[in-house]
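Numbered from 1 within each chain, the chains take letters A, B, ... in sequence-line order. Note: hydrogens, waters and symmetry copies are ignored here, and every other heavy atom, side chains too, is used.
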There are 2 protein chains.
Amino acid sequence: METELPAALKKDIASKKLQFYNIDAVKIAAEIGLGRRINTILQAAFFQIADVIPAEDAFKFIKEAILESYGDKGEKIVNMNYAAVDSAASHLEKVDYPESWAHSTEAAAAAEEATPFVENVVRPVQALKGDSLPVSSFSPDGIMPTGTTKYEKRGIAIDVPKWIPENCIQCNQCAYVCPHAAIRPFLATAEDLEDAPADFPTLKSIGRDMEGLQYRIQVSPLDCTGCGVCVQVCPSRTKALVMEPLANHADTQSVNWDFALNLPDRAKHIPAHTLKGSQFRQPLFEFSGACAGCGETPYIKLATQLFGDRMLVANATGCSSIFGGSAPTCPYTFNELGHGPSWANSLFEDNAEYGFGMNLAQEARRTQIREMLEPLLAEDLPAELKENLKVWMENSGDSKIASETAAKIEKLLPEAIERASGDLKDVLETLLHNADVFIKKSIWIIGGDGWAYDIGYGGLDHVLASGADVNVLVLDTEVYSNTGGQASKATPTAAVAKFATAGKRTRKKDLGLMSLSYGYVYVASVAMGANYNQLIRAMIEAESYDGPSIIIAYSPCIEHGIDMSQSMFESKRAVECGYWNLYRFDPRREKEGKNPFILDSKEPDYEKFRDYLTNQVRYARLKRQFPEVADDLFKQAEADVRRRYETYKRLAEG
Amino acid sequence: METELPAALKKDIASKKLQFYNIDAVKIAAEIGLGRRINTILQAAFFQIADVIPAEDAFKFIKEAILESYGDKGEKIVNMNYAAVDSAASHLEKVDYPESWAHSTEAAAAAEEATPFVENVVRPVQALKGDSLPVSSFSPDGIMPTGTTKYEKRGIAIDVPKWIPENCIQCNQCAYVCPHAAIRPFLATAEDLEDAPADFPTLKSIGRDMEGLQYRIQVSPLDCTGCGVCVQVCPSRTKALVMEPLANHADTQSVNWDFALNLPDRAKHIPAHTLKGSQFRQPLFEFSGACAGCGETPYIKLATQLFGDRMLVANATGCSSIFGGSAPTCPYTFNELGHGPSWANSLFEDNAEYGFGMNLAQEARRTQIREMLEPLLAEDLPAELKENLKVWMENSGDSKIASETAAKIEKLLPEAIERASGDLKDVLETLLHNADVFIKKSIWIIGGDGWAYDIGYGGLDHVLASGADVNVLVLDTEVYSNTGGQASKATPTAAVAKFATAGKRTRKKDLGLMSLSYGYVYVASVAMGANYNQLIRAMIEAESYDGPSIIIAYSPCIEHGIDMSQSMFESKRAVECGYWNLYRFDPRREKEGKNPFILDSKEPDYEKFRDYLTNQVRYARLKRQFPEVADDLFKQAEADVRRRYETYKRLAEG
């Protein structure tokens with residue numbers, strides 16, 4: 001208490017002579033079986049010490065409320081909450097504090113490196129002093145800097161993963177699945193490690209292209225949410241990760257994290273198109289405010305690792321717009337060159353159009369540049385610049401060549417401008433001013449199923465049909481997650497959701513099948529936990545396709561009523577039992593005379609289907625509350641997925 | 001001139017001593033080959049007699065404008081228009097009128113039977129005196145009466161069909177295809193015909209259920225637009241219909257039409273589910289302002305013959321909202337009981353939702369009635385009423401039984417109310433007040449492809465997915481017709497349209513396939529001219545299905561650049577060459593263990609595909625204006641339809 005409580009708080013407590021109690025609600029909740037749910041314990045503790053109504057009455061009322069709130073979740077959950085109420089009284093500890101607290105003063109805060117925006121805007125807003133900021137603190141166009149969540153260091157995890165090098169097989173799966181980019185592999189030379197902190201073990205790296213490099217998994221304990229997904233997926237026979245209390249690791253590993261971040265990038269030569277390779281790339285989406293274990297964020301994070309340095313994102317309203325742009329911070333960030341996603345959120349109903357407009361703008365600017373370059377190539381220009389401009393003209397649609405050439409052109413232009421005069425100088429200056437469009441942007445239109453299947457579908461369909469070169473990522477939680485669990489057209493038969501409290505009666509809309517009916521739209525259905533490689537292949541194919549692409553990504557969600565540390569296994573089981581299917585439809589294959597449809601998931605084991613459903617509260621609740629319809633609806637749900645898989649099989653057979 | 005010109009006009013001409021000319025532009029246009037297009041002739045005639053600029057200059061400018069306007073339609077059309085310009089001077093006839101015209105007075109108009117609304121609103125508005133009407137002329141809720149186009153008697157046809165009884169095989173096809181409900185078969189007994197007008201020949205009727213009845217085809221010459229579709233489709237070896245000048249038939253046949261309309265309905269016992277039978281039913285959609293030969297209106301007319309007396313129509317913006325509700329008149333009408341479609345137009349973007357709401361309201365009212373009836377059936381009620389209420393409770397979803405029982409209930413209620421007292425009386429009065437909902441309404445959501453494929457698609461998809469018992473009719477002209485020919489997602493590859501002036505580059509959206517992916521949506525693709533029976537079957541199946549239905553109807557349109565008298569053959573050829581396919585997807589069949597998908601069109605003859613395209617200006621223009629891409633795009637268009645038919649074939653094979 002002496003060291004952890006802020007001076008202002010201690011001063012308040014002591015000067016007001018407050019009765020000060022402590023309760024280890026986390027420990028009690030874990031023991032009772034409530035996991036991290038401490039709300040009931042704290043509520044009971046409040047009524048135990050606050051003299052509002054007699055504590056006995058309060059407990060009675062709370063228990064009645066528990067029955068009403070959780071009754072439909074089953075007797076077990078009700079009883080655990082009853083136990084939580086009963087535990088409060090005996091676990092409260094009174095804190096005896098010294099009188100000296102009344103005179104506490106804050107030690108000068110250690111000077112932290114942060115940008116002026118963080119100092120002048122982020123920190124005041126987070127201290128609830130945003131109303132005192134002058135308008136001039138903000139950019140007049142409403143643009144907010146990215147790369148600011150890293151200054152939050154929320155430290156909300158109870159336990160964080162600890163890396164056990166001797167068990168590690170260097171597969172990078174922990175980093176791949178991490179919803180918060182809080183665990184990453186790093187590569188370093190022996191020389192890089194000379195100034196490493198004391199407790200910074202590394203392994204001799206294994207695998208291709210790793211000659212002379214050391215390998216380390218590094219956790220950022222204060223950015224980790226403690227969801228435990230990394231530990232769950234670790235495939236080592238003896239786990240190479242174990243959850244341990246944050247307090248034991250915060251100090252050491254925070255120092256280690258900072259050191260790791262400052263290591264030179266030794267993985268530039270390693271291709272990013274494999275699971276392992278992709279994880280050596282800097283995630284340009286990190287430390288968002290998404291739920292611990294979120295099933296959506298790993299998809300976005302992967303996309304930024306693959307394309308983030310040239311990404312424009314149009315984000316629909318929904319969870320991804322909240323965790324994607326929760327002012328004053330932004331989890332999208334940038335690399336050492338300052339390149340990273342540009343991100344914006346418009347509305348639920350126009351997000352596809354919004355991204356379409358971003359693409360139109362890029363296309364128009366690139367066309368202008370091409371029109372300027374054509375006559376320019378006949379002019380007297382430095383040979384190297386002319387050569388690179390020619391290469392660009394011929395390859396402006398190839399993202400890799402365009403990016404490489406763009407860098408060279410931007411470097412060579414100033415000297416050419418120096419040498420030029422008159423109109424030529426003007427034109428070259430205009431080119432330099434527009435140098436950003438030499439890079440082929442990767443346009444992403446991101447949203448949840450509420451947007452893609454429902455509210456924004458009219459626009460999404462129109463944009464897909466347009467043939468424009470945009471990429472759509474649908475984070476399919478099968479329910480309106482952010483607004484509180486309403487049914488969408490992605491909600492499957494029998495699932496309980498708001499507006500479908502007695503189980504949804506109609507089957508899940510087949511957005512993928514509808515989209516691929518155009519024939520010229522790239523479509524993929526993915527589920528990260530079910531097939532890591534299929535996902536990364538789909539992302540790269542979608543992005544490289546010169547036309548519209550849509551990736552529909554199964555995203556386990558807290559709204560499903562599951563243990564979120566298991567989210568990757570939920571995906572895996574979903575595919576195994578036929579609940580979700582994996583496929584890719586690539587129009588390029590048709591031009592090669594091949595079947596464009598590839599079914600990536602095996603014949604499902606439908607025996608496991610019923611268990612898959614009843615393991616999730618959204619389905620189990622139906623059985624408890626409406627037993628008379630549950631069996632029928634579950635059967636119907638199974639018939640739905642069987643029919644769907646058969647449809648895909650026919651497509652795959654051509 | 002003496003008898004045909006209105007007195008006010010003659011008075012104006014004579015008192016102002018105007019030079020008065022006449023020109024038979026219709027005759028000239030026909031001779032030149034311009035059909036009914038008289039605009040160029042009249043324009044030239046104007047400049048010939050109006051001393052605005054020298055006529056020679058005017059003709060030169062007009063010819064330049066012709067080249068610019070019609071150049072892309074081909075040399076032949078340009079030359080015909082040149083000839084039209086040149087014809088004007090020599091065909092103008094100066095009219096010598098008597099001075100007495102200056103004192104013309106209108107004879108008292110023959111008293112015509114019309115409703116107060118027609119007298120007080122329709123006629124003043126049509127005489128361009130609408131601004132003088134007081135607000136109180138209109139209903140405060142904005143509702144306008146239906147059944148008012150029959151008072152217009154526009155008489156716009158140049159030629160009208162004349163029936164030749166001795167050639168007639170009594171097939172009713174002429175009536176089936178008529179876009180304006182201006183030609184109808186009538187049945188009568190010898191007795192009915194005792195007071196018939198002099199020239200009112202009939203035939204002994206042939207076919208089932210026709211014992212003792214005479215048959216006649218009757219044209220309404222003043223409601224006919226002269227499109228000639230009826231004559232074209234007449235299947236008799238020697239045509240039973242021939243086009244003759246309106247002037248020769250207007251008087252006699254108008255009298256005959258009125259007599260036929262007043263004949264007792266002798267066809268009530270004839271089932272409406274065949275082409276022939278359906279045409280003895282009164283069309284409850286008649287004499288709209290649609291283009292002569294419109295490919296959309298015959299579908300709507302047929303729907304009103306089958307379901308019109310209990311139809312609610314939500315109409316999207318587009319041609320069908322213009323001809324469907326062109327204030328002050330309305331082509332929707334009612335039968336002798338006063339029953340007919342209730343029609344309304346909301347917006348382009350919410351029409352499916354609008355119809356969905358109509359259904360919700362009906363469902364809510366019917367649920368209220370059912371909840372009132374349950375306790376009521378235990379009360380002491382007249383036996384016959386009770387019996388009918390019971391029948392209704394058990395069959396309220398069956399449109400036929402519900403309608404029959406509703407009529408009986410409405411008849412029996414007043415007496416029961418008389419006998420009852422207290423609460424029971426109140427309840428029975430409420431029932432009588434809500435007697436309209438005993439009839440099961442037929443909810444129709446109607447619009448064009450601009451609505452269904454594009455602007456309203458988000459809502460349409462949502463309403464289909466909802467499972468609601470609504471019927472959607474898409475009048476697919478493959479282009480925004482009413483707004484001037486912009487491309488929609490229904491426009492096929494290679495068609496020239498606004499926003500696709502160099503031929504559309506993406507294929508036609510497969511709305512049917514996307515809709516049937518839900519599995520519980522009834523879907524039909526129809527083309528009236530290709531298969532009369534498939535259409536009527538689809539309409540009856542769609543309407544009877546207790547869930548969402550969508551019928552996608554190929555609708556030849558003046559925007560296609562075709563001879564509209566051939567519109568039925570255009571449909572026929574479209575299906576023969578594979579351009580359009582006929583199918584029905586009926587979810588009820590799946591429950592019977594059958595394949596729900598039935599492909600109704602035969603293997604196409606793709607040899608005819610190219611000819612089908614180039615016979616329409618929308619495609620032929622591409623070849624003329626962009627010959628370098630036309631061949632490729634035509635090939636792509638053929639590949640598209642082949643691919644589509646193969647998809648349907650696979651579906652049909654299960």
Atom CG of Leu464(B) and atom OG1 of Thr506(A): how far apart are they, to the nearest 0.5 Å?
12.0 Å
Under 4.5 Å from any heavy atom of chain B - which part of Lys509(A):
both
Counting only heavy atoms not in Asp546(B), do more than 12 fall under 6.0 Å of its CG?
no
With chain A, which of Leu460(B), Asp461(B), Asp510(B), Leu651(B) has the greatest number of heavy-atom pairs at distances under 4.5 Å?
Asp461(B)
Lys/Arg N to Asp/Glu carboxylate O, Arg643(B) vs Glu590(A), below 4.0 Å:
yes
Side-chain contact, heavy-atom cut-off 4.5 Å: Arg507(B) with Tyr518(A)?
no
How long is the span from the CE atom in Met514(B) to the CG atom in Leu511(A), to the nearest 0.5 Å?
8.5 Å
Residue pair Lys489(A) / His462(B), side-chain heavy-atom distance below 4.5 Å
yes
CG (Asn595(B)) with more than 12 external heavy atoms under 6.0 Å:
yes
Could you look at Arg644(A) and say if it's the side chain, the backbone, both or neither that has a heavy atom under 4.5 Å from chain B?
neither
Does Glu628(A), at its CD atom, have more than 12 non-hydrogen atoms belonging to other residues, nucleotides or ligands within less than 6.0 Å?
yes
